[in-house]
Amino acid sequence: MAVFSYPGQGKSSAIVPFVNYWLIKTEAAMYSIDDLARDKRVPWTGIRNYQARNFIRDGMKVGDLCLFYHSVAEPGIYGIAKVASKPHADLTAQDKKDEHYDPKSTKENPIWMCVDVQFVKKFKRPVSLVELKAERELGGMLVLAKGSRLSVMPVSERHFKYIVEKLVS
DNA sequence: GCCAACGTTGGC
DNA sequence: GCCAACGTTGGC
């Protein structure tokens with residue numbers, strides 16, 4: 001939480017949630033923005049990369065907004081999701097039948113974390129990877145970096161707002 | 001389907 | 001701790 005004071009209101013101030021911004025990746029064939037629109041809220045499981053896990057564990061807070069990115073087929077940003085829970089253990093890692101089962105994960109040391117994500121909106125039109133790359137304003141976005149393979153990564157407020165307020169509206 | 005770029009694993 | 005082998009990701 002961060003304290004913001006509003007100009008013109010003397011000494012008054014208000015506590016408002018401090019929002020972080022993220023980009024979460026998925027293959028549409030596996031789980032798409034339409035699937036999230038249908039399900040409304042799901043645990044974002046299956047992240048098996050330590051750097052991505054650390055972003056989830058150490059950075060994600062309820063209310064954070066996520067660009068919803070489809071990789072591989074027609075790559076681009078398709079909408080927005082919201083972090084709807086605190087980070088918690090990803091139990092699919094302890095499920096032998098799950099495709100993301102990890103024998104190193106135990107009840108005592110779950111290793112892998114996830115948050116619940118909630119559907120916010122699907123863009124009227126997706127912002128393709130080609131379009132993202134063409135925007136000078138978006139230079140430095142992690143997802144555009146060569147070799148960027150993280151499935152969860154932070155996004156700056158400036159980049160987030162440029163995409164949502166300038167590119168898709 | 002190809003292949004570059006990564007991350008992880010395991011032998012030493 | 002090094003590093004080759006291997007598996008995966010993801011753009012094209």
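Numbers restart at 1 for each chain; the letters A, B, ... are given by sequence-line order, proteins then strands. A quick note: this is a predicted structure, and the numbers were derived from the prediction, not measured.
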For [X], which residues count as a side-chain hydrogen bond (donor to acceptor under 3.5 Å, both in side chains) partner, sequence neighbours excluded?
{"X": "A/H88", "value": "A/D116"}
{"X": "A/N49", "value": "none"}
{"X": "A/R136", "value": "none"}

Check your understanding: Going 5' to 3' along DNA chain C, which nucleotides are the first and last within contact of chain A (any atom under 4.0 Å from a heavy atom)?
Key -> C/dG7 to C/dC12

Check your understanding: When clusters are formed from ILVMFWY side-chain contacts under 4.5 Å, directly or step by step, what else is grouped with A/W112?
Key -> A/Y50, A/I111

Exercise for review: Could I get the full list of side-chain contact (heavy atoms from CB on, under 4.5 Å) partners for A/P87, not counting sequence neighbours?
Suggested key: A/I56, A/M113, A/V115

